[in-house]
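Notes to accompany the following structure.
By convention in this document, chain letters (A, B, ...) are assigned in the order of the sequence lines, proteins followed by strands, and residues within each chain are numbered from 1.
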2 protein chains.
Amino acid sequence: MTRWLDDEEQQTWRAFLRAVAVVQSGLDAQLQAEAGMPHAYYELLVRLSEAPEGTLRMSALAGAVHSSRSRLSHAVGQLEQRGWVRRAPCPQDRRGQLAVLTAEGRRALQQAAPGHVEAVRRLLFDRLAPAQVRHLRGIAAAVAG
Amino acid sequence: MTRWLDDEEQQTWRAFLRAVAVVQSGLDAQLQAEAGMPHAYYELLVRLSEAPEGTLRMSALAGAVHSSRSRLSHAVGQLEQRGWVRRAPCPQDRRGQLAVLTAEGRRALQQAAPGHVEAVRRLLFDRLAPAQVRHLRGIAAAVAG
DNA sequence: CCAAGGTAGTTGAGCGCTGAACTATTCCGC
DNA sequence: GCGGAATAGTTCAGCGCTCAACTACCTTGG
């Protein structure tokens, strides 16, 4: 009944898990060491920095990083404590909150970015041939669904 | 100086992150819901089940799943509390500990496995063409390093 | 209008992980 | 052999996440 994995699939699966672990832990280690933030927080800063006025509704930000509302609320709380983000009431909807990137937050992001990009290259792109990078794009898109 | 990501790399990277998040959260959700354990614990049970006598030195088990000693110690503590693993002193090295899969642990693994494999297929393999699976293997191996 | 249900966001408890001490044992060079 | 370094494993504090309430506000049907 169960469609078990054959040997090749098993190997692919385990290599996949290992690769993901290597990339993620490497990424988190680099950001934590050099910028004092986990990767999830870095992504929040990136999304905010790309938004007009560095501002996004909480729910829009949650959607952008595919995070739960709860997680985002905790995370923004942390970012706020560090002075990288501030909350503001949403004019159109009094239930809503805006997350606003502060100047200090933008500075923190700019300082973190080069090391982060370097890590992304070192951990992922530099290890792949150009054809593999092309393939990865399609694979990732298909899996992301 | 910094080798920034071009548009295509950016898209690949974000798709990769998203794909990984989908697979991991889907996997964890399935195991948590149907077997009451996180994926990391499932992997420990798998590695133990593959070892002779269902037994491995703590450090060997840590190596097998690429886990820190600290993390493993906590995890085995949990598995022990659930009766799925027991600890035993290591005869050759009095510093050492053996993690031993119990009959109950093996049963828990057998019950969890079909649903887990189904999730792996649904989240990863079913979304990829055969050629993509072949490519993924090489990519994952290269990144796992 | 206004009550019922949906939506936005927060909060609190508990879990798993990390990194840094800490203990106990073994290994190694003199 | 013996004293110092390395190794095995545990423990603790703190962090980020999940899940389930909970509050506050908006929307919609009667």
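- Ion pair E9(A)/R121(B) flagged as a salt bridge, since at least one NZ, NE, NH1 or NH2 atom sits closer than 4.0 Å to an Asp/Glu carboxylate oxygen.
- Bounding nucleotides for the chain A contact on DNA chain D, 5' to 3', at a heavy-atom distance below 4.0 Å, are dG16(D) to dC26(D).
- Residue pairs meeting the ring-ring contact (aromatic ring centres under 6.0 Å, His included) criterion with at least one member in residues 28-57 of chain B, sequence neighbours excluded, are H39(B)-H116(B), Y42(B)-H116(B).
- Taking the 5' to 3' direction, DNA chain C first and last meets chain B under 4.0 angstrom from a heavy atom at dG16(C) to dT26(C).
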Distance-only donor-acceptor pairs under 3.5 Å for side chains of residues 135-145 of chain A, two or more places apart:
unit_1  : atom_1 : unit_2  : atom_2 : d
H135(A) : ND1    : A131(A) : O      : 3.2
R137(A) : NH2    : Q11(B)  : OE1    : 2.2

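- Listed by chain and number, the hydrophobic cluster partners of L98(B) are V100(B), where partners are ILVMFWY side chains within reach of under 4.5 Å, directly or through others.
- Heavy atoms of R69(B) sit under 4.0 angstrom from at least one base atom.
- Toward the 5' end of DNA chain D, the nearer of the two residues S67(A) and D93(A), judged by each one's closest nucleotide, is S67(A).
- Using modelled atom types, no side-chain atom of S73(B) and backbone atom of R69(B) make a donor-acceptor pair closer than 3.5 Å.
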Check your understanding: Dot-bracket for DNA chain D, 5' to 3', with Watson-Crick and G-U pairs under 3.5 Å, [ ] for crossing pairs and | for other-strand pairs: what is it?
Key -> ||||||||||||||||||||||||||||||
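- Taking A60(A) as the reference, L56(A), R57(A) meet the side-chain contact (heavy atoms from CB on, under 4.5 Å) condition, with sequence neighbours excluded.
- For T55(B) (side chain) and E53(B) (main-chain N/O), a donor-acceptor pair under 3.5 Å exists by modelled atom type.
- In this structure, the side chain of T102(A) engages the main chain of G83(A) through a donor-acceptor pair within 3.5 Å.
- Listed for the E43(B) side chain is no donor-acceptor partner under 3.5 Å among the backbone atoms of A40(B).
- For residues 12-34 of chain A, the set of pairs meeting the salt bridge (Lys or Arg N to Asp or Glu O under 4.0 Å) definition, not counting sequence neighbours, comprises R14(A)-E50(B).
- Listed by residue number, there are no residues of residues 13-28 of chain B with a heavy-atom contact under 4.0 Å to DNA chain D.
- Taken from CG in L101(A) to CG in L44(A), the straight-line distance is 10.5 Å, to the nearest 0.5 Å.
- Note on residues 59-101 of chain B: no pairs pass ring-ring contact (aromatic ring centres under 6.0 Å, His included), not counting sequence neighbours.
- Residues from residues 73-89 of chain A lying near DNA chain C, meaning a heavy-atom separation below 4.0 Å, are S73(A), H74(A), R87(A) in numerical order.
- Of the residues in residues 29-64 of chain B, R57(B), M58(B), S59(B) come within less than 4.0 Å of DNA chain D through at least one heavy atom, sorted by number.
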